[in-house]
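Both backbone and side-chain heavy atoms feed into the values below; hydrogens, waters and symmetry mates do not. Proteins get letters first, then strands, A, B, ... in listed order; numbering begins at 1 in each.
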There are 2 protein chains.
Amino acid sequence: MLSQKAKYAMRALIYLAKARDDKADTPPVGIAEIAAKQAVPRKFLELILLELKRHGLVQSYRGKHGGYALAKAPEGIYFGDVIRLIDGPLAQLPCASLTAYRRCADCEDEATCAIRHVLKQVRDASAGILDRTSLSDVLDGRSGGMVMGDGI
Amino acid sequence: MLSQKAKYAMRALIYLAKARDDKADTPPVGIAEIAAKQAVPRKFLELILLELKRHGLVQSYRGKHGGYALAKAPEGIYFGDVIRLIDGPLAQLPCASLTAYRRCADCEDEATCAIRHVLKQVRDASAGILDRTSLSDVLDGRSGGMVMGDGI
DNA sequence: TAAAATCTCTATAGGGTTAATAGAGAATAT
DNA sequence: ATATTCTCTATTAACCCTATAGAGATTTTA
C-alpha cells in the first residue's frame, strides 16, 4: 500500500506543479494554502515538505511571503522517486530491489528462489511505469506518460 | 512489501507442489516437516495453512499420517491469488483495485486523480504478471510464466 | 478402548510503524 | 520591532505484523 504520507507528498507536488503552470512567475506557495486546498493535516505536511526539500525536490523560502516551490521542472520529478523517498524501495522484497538490494535473511538459494524471481518481474514492470511518469505527464488530466495500453 | 506471512505461504505451497511432483501418489505432508524444511515458525505456519485451507488452496488430513496437500493442480494456483488472500489487494490504493475497489475517503474527483490513474497502471501491470504465474511455472527453476522480456 | 499423532481454533502479547500533534526556534519582509 | 513563515525535535495514540500458547477435535494404531 502507498502510505498516506506518500499520497500527501504527491498531492503537494502536483499542487505546486499546477501553481507553477498557472503563471510564468511563480511565487512560493505557503504550507497553509497547500494543506487547506489538498486536505492534508498542516503539521504533518510540514514534515513532508521538509523531507522533500532535503532531497532536493522542492525549494523553500522563509519569512513573510515565504513558502514552497518545485526545485526543478515538473518534467524532472518522477513518481518513482517520490515513492522511494517516502515509502522506500518499489520492490516488494528487499532481494528484488534494484536501488536498495538486500539479501533476505532466511534465503537458502537466491538464484533459484521463485518468489524473488517473480517479484523482480513485478518490480521491473512497476518501476518501468513509475520511473517514466513525471509530474508534467499528469498536469492536465493526461497521466501515465509514454505507457502503452491505457486506452488513449 | 510482501509480508513475511505471504512469503511463508508461498514457500509452503511451493514445497507442497514439489512434494506432489516427486511421487505420483502424494501423501499429505505434516506441518512440522514443512516448518523445518522451509524455516517457518511452526505455530505461525499452522495459522497460515489453516487460512489457505479455508480458501480452498490446500486440503488437510487429521490424525496420524495426517498433513496437508494441494487442493488442486499447481497449474491452477496463482501468485496473485495467494498474495491477495494473505496481504490483501494487489493495488497500492483501494481506489486502484479491481477486485477490492473502495473509494478514497478524501478524494475530491476520482476521474481526474492522477495518483489513482498512475497506480492503476501499476496495478494492472503487476496483476498481469502475478495472475499469470502459477506454482507450476515455478517448480523446476523456470519462473514467470508466459511473461515476455525476462531474458529466456 | 486407550494412546499417540495430527490438525483446529481462539486468545494474547511484544515490537514496530504510521499518522499526527505540540511547541520552541530561526529567518525574512515590512 | 513585529508578524509571518519555515525548521526542527519530541512525543503520542492507534494499529498491524509476527509470533506464541494452550486447549480442543479427529484419526490411526496397538
Whole-Å distance between [N] [atom2] and [X] [atom1]?
| X | N | atom1 | atom2 | value |
| --- | --- | --- | --- | --- |
| A/M1 | D/dC15 | CE | P | 17 Å |
| B/I31 | D/dT20 | CD1 | P | 14 Å |
| B/F44 | D/dA21 | CZ | P | 14 Å |
| B/R42 | D/dG22 | CZ | P | 14 Å |
| A/L47 | C/dG23 | CG | P | 15 Å |
| A/Q59 | D/dT5 | CD | P | 19 Å |
| B/K43 | D/dG22 | NZ | C1' | 7 Å |
| B/Q4 | C/dG15 | CD | P | 18 Å |

Item checked: Electrostatic pair B/E46:B/K43 at N-O distance under 4.0 angstrom ->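 Counted as a salt bridge, because a side-chain N and a carboxylate O are separated by less than 4.0 Å.
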
Residues A/D131, A/R84: salt bridge by 4.0 Å N-O rule: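 The answer is yes: the pair qualifies as a salt bridge.
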
Are [X] and [N] close enough that a side-chain N or O sits under 4.0 Å from OP1 or OP2?
| X | N | answer |
| --- | --- | --- |
| B/S60 | C/dT8 | yes |
| B/H65 | C/dC7 | no |
| A/K53 | D/dT7 | yes |
| B/Y8 | D/dC17 | no |
| B/Y61 | D/dA25 | no |
| B/R54 | C/dC9 | yes |

Q: Could you check A/L70 against A/L135 for side-chain contact (heavy atoms from CB on, under 4.5 Å), going step by step and ending with a plain yes or no?
A: CA-CA 11 Å; A/L70 294 186; A/L135 291 185; 4.1 Å; yes

Query - B/P94 and B/Y101, any side-chain heavy atoms less than 4.5 Å apart - result: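 A side-chain contact under 4.5 Å is absent here.
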
Notebook entry, point to check: Quick one: does A/F79's side chain get under 4.5 Å of B/V122's, heavy atoms only?
Noted result: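 A side-chain contact under 4.5 Å is absent here.
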
Item checked: Proximity to the side chain of B/E46 - top-ranked nucleotide from D/dT18, D/dG22, C/dT10 ->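 For B/E46, the side-chain atoms sit closest to D/dG22.
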
- Message: Of the options D/dT7, C/dA19, C/dA29, whose atoms approach the side-chain atoms of A/K64 most closely?
- Response: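 Nearest to the side-chain atoms of A/K64, counting from C-beta on, is C/dA29.
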
